Amino acid sequence: MTPLSKDAGLRTGANRRSTMSGFITKTAAGIAAAATLIGGLAIGASSAQAATTTSYDRTLGNAQFEAARTQNGLAKEMNYGSILHAWMWSFNTMKEHMAEIADAGYTSIQTSPISVIKGPMQGKKFTENWYYVYQPAGTSIGNSVVGSEDDLKAMTAEAHKYGIRVIVDAVINHFSSDWNAIESSWKNTSLFHTKSEGGCGDNGTAINYGNRWQVTHCHLLGLWDLNTENQEVGNRMQGFLKQAVADGVDGFRYDAAKHIELPDEFGTHSPYFDTILDNGAQYQYGEVLQGDAGLNVAAYPALFEKYSSNGGGNTASNYGGALRSALNSKNLNAGNLNSLQGQGVQDDQLVTWVESHDTYANGDRQSTGMTDWQIRMGWGVIGARKGGAPLFFNRPVGSGGANAQFAEQSQLGDAGDNEWKSPEVKWVNKFRNAMEGNAEYLRNCQAENCLMIERYKSDGSNANDGVVVVNMDGDKNLAGLDTTLDNGTYTDQVNGGTITVANKKITAGSVKSGKVSVFVNIGTAPTPDPDPTPDPDPTPDSTTTVYYPSTKFGADSTYLHWRFADGGTWTTAPGVKMTAACSGYVSYAIENPDGRPIEFVFTNGSGQWDNKNGVSGQNYTANGASVVVTDNSGNYGTTAPCTV
């Protein structure tokens, strides 16, 4: 299916959501164990097979799931909705908290790695012990931190009852450094890169991150590096991922993804990603930390999205760093924070965060000292934005800020502190879900320590607009500020109070110092327009929907490459993904309020094109509300064959 987020940008007229790894320095024993920025999962099956279970059919394609998701007000698209990183929670702990997770507005839960591991070696304490889950010993599902495979099945079933989806952190780059701990079925050195072929010294601890061969072939921190060019390795890993999907998993986060070569990066084709990503998951994204010379950042989400029905992406590590810096200085300059800094990656292909488990838990402690208040302020920014899928990292109980990195007040398997469900975080999530598909506008409010993130449709109704105000210092009177919001009164769901809007100005309302305010009419009856004069130049709701036979390229692999024929800009090849429709068609709706003619071609996204008359360079042209293409003659019907 075409992710809703792709269509939403067209409907609103808004643009579509357009550092080097920090590794842990540890003692020899710690190095043998420490790999979190990188990772490698494991597999149970030994050969690739056609997917028999898909996450989409079980969730968005299932009426019961959709009813639960809608009832809980959760976002439709995984590449848009908030993610709770239930870091080091067990499956049973997640299951026990599922109702609260739904109430807090999370579209997805992200687990810790689920494959068999060595240890942990110090029981359930965190310090110098948590990172064993990022060192798989094979590809069997279940370990002493997260629980058994049966526990996973029970947890995912419970999540789906609430309309929540599950993302598993998959370590697919490496295994444990302890050869004796690795599952016997994997004890074949041909399944791993040799210790010398990477060409980096000291068994992988001296990688040159400007040298892609070393990044993708060295034994990172001494961990056994999987031979990802080997088809058998790909087949086994695909089997592991397919089993996880069959157990109820909906998506994957790929640890250390940039340490795995792209399919044709080195001249000889590597089948790994094309093999493992075809697993039935709905959403897949990779840890591709930005900043390395020679790293093709944008190529990874293109691969992940190609094989996912609900999008795919990369980690937005640059934006996380910029946001933490802004929070530390209380300088939320709208111009500085507007771009998500994707480096060629679309905004809807990014996973954003204030902090991740790496910035918090690693030895460099990039974000460990941040206070809970700062985290809430930062969540107000990333959670309200149109772009990115924001991930909330759950810290262990009593840890971080002025306290110890690991206070050991909770243990591996337990839920962390309660910040993930604080009123500010919860209402920002609910705001985000309600604003799915809306445009955004960022502006400062009276000073650069106050930022407004407005989300709007400009349709004359204040029922579907809103604004989050992150005010780090000093009470602010908002009266007199420009706004994109429609006329009416908006209620602050966190702190109480209202703002009133008339003729694109805030006429009354204020925010308190050090607060996140969420002005939106969720669960509050929208108030009448104080000035009933219609908004100027309302945007007509007019579209051109293109239909095409799904039998040509497949219901999940047909793309429309198009532009307005009277001088528009072409979409980026291969174009926009078309959505499966009824009666054997796929379709795509183009926002076209002025009824302009369109020029277009079709493709499968992998080099096969359908041009008019089968001649390269000859494109189709059409206009009207419905364009039904059944052959390449250039003729088309105007009666929609089905309702999408």
Side-chain angles (χ1 to χ4, degrees), residues 31-35 38-50 113-119 121 131-144 149 168-200 202-205 207 213-246 252 254-279:
I31 288 176
I38 51 248
L41 274 172
I43 164 185
S46 60
S47 61
Q49 52 191 314
I114 67 173
S115 44
V116 63
I117 60 174
K118 171 186 175 180
M121 304 307 292
Y131 39 70
Y132 281 96
V133 297
Y134 294 90
Q135 304 165 53
T139 44
S140 299
I141 294 176
N143 61 59
S144 61
E149 184 172 9
V168 156
D169 197 345
V171 188
I172 57 171
N173 172 69
H174 58 257
F175 279 1
S176 168
S177 60
D178 185 350
W179 182 259
N180 292 327
I182 293 175
E183 288 183 319
S184 59
S185 64
W186 278 94
K187 285 184 177 177
N188 178 343
T189 56
S190 71
L191 302 178
F192 301 88
H193 290 136
T194 68
K195 298 245 176 171
S196 61
E197 69 185 281
C200 50
D202 197 19
N203 195 26
T205 60
I207 296 173
W213 183 263
Q214 288 192 0
V215 171
T216 57
H217 287 74
C218 287
H219 283 234
L220 191 61
L221 300 177
L223 299 160
W224 278 94
D225 198 67
L226 287 164
N227 181 3
T228 44
E229 295 93 340
N230 185 317
Q231 183 66 61
E232 177 65 14
V233 174
N235 291 345
R236 289 183 174 211
M237 194 61 68
Q238 185 201 49
F240 167 81
L241 298 173
K242 282 186 174 182
Q243 184 59 49
V245 172
F252 297 104
Y254 294 116
D255 192 65
K258 77 172 181 182
H259 289 270
I260 300 168
E261 70 284 347
L262 294 163
D264 297 300
E265 186 167 7
F266 298 114
T268 301
H269 180 71
S270 170
Y272 195 62
F273 275 126
D274 285 317
T275 299
I276 71 168
L277 295 176
D278 186 15
N279 55 49

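The structure presented is a predicted model; accordingly, all values stated were derived computationally and were not measured.
- Residues Ile260 and Tyr254 form no side-chain contact, since every pair of their non-hydrogen atoms from C-beta on lies 4.5 Å or further apart.
- Between Thr275 and Gln238, the shortest heavy-atom distance links the atoms O-NE2, 3.0 Å.
- Separating the CZ atom in Phe192 from the CG atom in Leu226 is a distance of 5.5 Å, to the nearest 0.5 Å.
- Across all their heavy atoms, Leu223 and Ser177 have their closest contact at CD2-N, 3.6 Å.
- Every side chain to side chain donor-acceptor pair (under 3.5 Å) that Thr194 has, sequence neighbours left out, goes to Glu197.
- Between Thr228 and Pro271, the shortest heavy-atom contact is O-CD, 4.3 Å.
- The only member of Lys195, His174, His219, His193 that meets side chain to side chain donor-acceptor pair (under 3.5 Å) when paired with Asp225 is His193.
- Distance check: Glu149 CD to Ile114 CD1 gives 8.0 Å after rounding to the nearest 0.5 Å.
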**Message:** Applying side-chain contact (heavy atoms from CB on, under 4.5 Å) to Phe240 and Ile141, what does each step give before you reach the verdict?
**Reply:** CA-CA 8 Å; Phe240 167 81; Ile141 294 176; 3.7 Å; yes

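- In this structure, Met237 and Tyr272 have side chains that are in contact, with non-hydrogen atoms separated by less than 4.5 Å.
- At distances below 3.5 Å, at least one donor-acceptor pair connects side-chain atoms of His259 with backbone N or O atoms of Val215.
- Ring geometry, Trp224 versus Trp179: the interplanar angle falls from 30° to 60°, so the pair is classed tilted.
- Judged purely by distance below 3.5 Å, without hydrogens or angles, the side chains of Asp178 and Ser176 never pair a donor atom with an acceptor atom.
- Contact between Ser144 and Gly119 at its shortest, heavy atoms only, is OG-O, 3.2 Å.
- Here the closest non-hydrogen pair linking Lys187 and Asn180 is NZ-O, 3.4 Å.
- Interatomic distance, Leu221 CG to Tyr131 OH, rounded to the nearest 0.5 Å: 11.0 Å.
- To the nearest 0.5 Å, atoms CH2 (Trp213) and SG (Cys200) are separated by 11.5 Å.
- Closest approach of Gly199 and Gln214 over heavy atoms only: O-NE2, 3.0 Å.
- Remark: the Glu261 side chain and the His217 side chain contain no N/O donor-acceptor pair separated by less than 3.5 Å.
- In this structure the side chain of Ile172 never reaches within 4.5 angstrom of the side chain of Phe252, judged on heavy atoms.
- Asn143 has its side chain out of reach of Tyr132: every pair of non-hydrogen atoms, C-beta onward, lies at least 4.5 Å apart.
- Qualifying side chain to side chain contact (heavy atoms under 4.5 Å, CB included) partners for Asp274, counting only residues two or more places apart in sequence or in other chains: Pro263, His269, Leu303, Lys306, Tyr307.
- Panel note: side chain Asn230, backbone Leu191; no donor-acceptor pair is recorded below 3.5 Å.
- No donor-acceptor contact under 3.5 angstrom links the side chains of Thr268 and Glu229, judged on distance only.
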